[in-house]
There are 2 protein chains.
Amino acid sequence: MGVRYFALSHHVDFRQANGPAVRVHNYPPSWQEWFDANGLGKCDPIHRASHRATVGFAWSEVPDMIKMTPEDRFVLDQAYRIGIGDGFTIPASVPGETLGSCSFAVGAGEAFPAEFHFVCQLVGGFAFEAARRLSGARDFGIANTPILTDRQRDCVLWAARGKTDWEISVILGVGHETVIQHLKHARERYGVQKRALLAVRALFDGLISFSDILKR
Amino acid sequence: MGVRYFALSHHVDFRQANGPAVRVHNYPPSWQEWFDANGLGKCDPIHRASHRATVGFAWSEVPDMIKMTPEDRFVLDQAYRIGIGDGFTIPASVPGETLGSCSFAVGAGEAFPAEFHFVCQLVGGFAFEAARRLSGARDFGIANTPILTDRQRDCVLWAARGKTDWEISVILGVGHETVIQHLKHARERYGVQKRALLAVRALFDGLISFSDILKR
DNA sequence: GGGGATATTCCAAGAAATGGGGATAGCGTC
DNA sequence: GACGCTATCCCCATTTCTTGGAATATCCCC
């Protein structure tokens, strides 16, 4: 396929991975060591960017996809220094399941053959799905994501929008205590203590979406 | 591509759709009417199955992917009666965004040409991505998003993970008041009042990612 | 050297969220 | 009819967050 490196991986910290997670790659060992030592599994810029696409993207597009921090630039710099050049990454996302991706890269200084993007898209996508099935990761996904009632969902949505319990009660036309109760139950079902994490989980599971929250 | 029908759609109830949502298809109008009348956007069995895959799947695999209810069987039965036969669906999932999919189907009684699965995968995937961008479902407003300092980002990340200010102060090894201050400034830069919305905005901007937050 | 951004710590008052109890009513299932 | 789920309301105590101030010190840039 005209590329030198491949990397198929779940986006977890492999230093302390506990659940089922897959990683297969042919990057230089020194890169994996440095990558793990810095706990990049969960915050690598390429991985972060992959959480914002449905299909493959060239690494050159990453700065347009996420906010690049100085560390992000340092990470990409390090990769280049170790010999990893331009790349193309295929995201893999299933609601409620560990995120992952499959990347292909050429050596530093080489040009990525754009005519192989489609092939990478296909190979990367099906390769990840195969790994996902082998690892049993998919058995831990949406099957056990909590189900909320309509009212609970409404309250979570307005809470994610930054409204207070009292404001929500006015918006929904119910009592203040009712809203407290709905959010209490929603937190219990998700097994979380804080409404910030509740909002995040509801977003991740597809219960609510950014467009629900941020419109207007 | 050897198929008769296509359907590219966000999984929402189009009777009461309010946000940006896309639907393009050439199914019979009677099917869309019946589909909407029954509010299937969110519970159609093909859509539900697509929430458990990262790549395309043949509709014949659906019973192995989700638990089929009697209603599900009735829905598929109705589709067949209207003239929709076997199909292949490509899921499209981005954390925090409305779920969607792109399907291809042959007429009732016809055989789906398996040799076109790969082509469907590619066309469906990129078609959905194109529709997603056109619809503004994802508007990359990276340019004018606030810039946080490293410490502020750390605090936002831990706050999104559901930690209290005091817990964060222990984790980061700084004073309790310092964390309060960082989050105060972070909220000011984002122009929000609540940490739940702060977490959502930071996620939306790509400052932090779901895999940063959720270990699993 | 001055200006600006950053990181750090501290105080205090009030608002809001959380966790623990309750209760009533409707609705559908077994 | 008993049971479970849902939605609605109420009380309490405690913790946590938010907002308004304040102060140092470092670092980089001009």
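So that the names make sense, note that chain A is the first sequence line, chain B the second, and so on, each numbered from 1.
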Are side-chain N/O atoms of A:Ser101 and A:His11 paired as donor and acceptor at under 3.5 Å?
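Yes - a donor-acceptor pair under 3.5 Å links their side chains.
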
Just to confirm, is there a sub-4.0 Å distance from OP1 or OP2 of [N] to any side-chain nitrogen or oxygen of [X]?
{"X": "A:Arg151", "N": "D:dT6", "answer": "no"}
{"X": "B:Thr149", "N": "C:dA7", "answer": "yes"}
{"X": "A:Arg187", "N": "C:dA17", "answer": "no"}

Kindly point out which of [options] is positioned nearest to the side chain of [X]?
{"X": "B:Ile180", "options": "C:dT8, D:dT19, D:dT6", "result": "D:dT19"}
{"X": "A:Asp165", "options": "D:dT18, C:dT8, C:dT18", "result": "C:dT18"}
{"X": "B:Arg189", "options": "C:dT9, C:dT6, D:dT16", "result": "C:dT6"}

Without swapping roles, check the side chain of B:Arg189 against the backbone of B:Pro146 for a donor-acceptor pair under 3.5 Å.
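Not at all, since once roles are kept as given, no pair shorter than 3.5 Å links the two residues.
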
Any donor-acceptor pair under 3.5 Å from A:Arg52 side chain to B:Phe204 backbone
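Side chain of A:Arg52 to backbone of B:Phe204: a pair is present.
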
Treating primed atoms plus P, OP1 and OP2 as sugar-phosphate and everything else as base, which nucleotides of nucleotides 22-30 of chain C get B, S or - for protein heavy atoms under 4.0 Å?
B--------

Residue pair B:Tyr27, B:Tyr5: steps toward the ring-ring contact (aromatic ring centres under 6.0 Å, His included) verdict
CA-CA 6 Å; B:Tyr27 282 153; B:Tyr5 298 113; 5.6 Å; yes

Shortest non-hydrogen contact from B:Ser135 to B:Val22?
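That would be CB-CG2, 3.2 Å.
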
If you look at every strand shown and take non-hydrogen atoms under 4.0 Å, does [X] touch a base, only sugar-phosphate, or nothing?
{"X": "A:Leu183", "result": "nothing"}
{"X": "B:Lys184", "result": "base"}
{"X": "A:His176", "result": "nothing"}
{"X": "B:Arg153", "result": "nothing"}
{"X": "A:Thr178", "result": "base"}

Mind calculating the distance between NE2 (A:His182) and C1' (D:dC10) to the nearest angstrom?
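It works out to 14 Å between those atoms.
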
Give the rounded distance in Å between these two atoms: CZ of B:Arg195 and C1' of C:dT18.
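After rounding, the reported distance stands at 13 Å.
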
A:Glu188/A:Lys184 salt bridge by N-O under 4.0 Å criterion
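A:Glu188 and A:Lys184: not salt-bridged.
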
Are A:Arg151 and A:Asp154 close enough for a salt bridge, meaning some N to O gap below 4.0 Å?
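So A:Arg151 pairs with A:Asp154 through a salt bridge.
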
Nearest nucleotide by nearest heavy atom, which residue falls closer to the 5' end of DNA chain C, B:Glu177 or B:Ile147?
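Nearest nucleotide further toward 5': that of B:Ile147.
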
Using five pairs at each end of the helix from C:dG1-D:dC30 to C:dC30-D:dG1 to define an axis, what is the angle between those two axes, to 10°?
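Here the local axes at opposite ends form an angle of 50°.
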
For a 4.5 angstrom cut-off between non-hydrogen side-chain atoms, does A:Gln78 reach A:Phe35?
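Not touching, per the 4.5 Å side-chain cut-off.
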
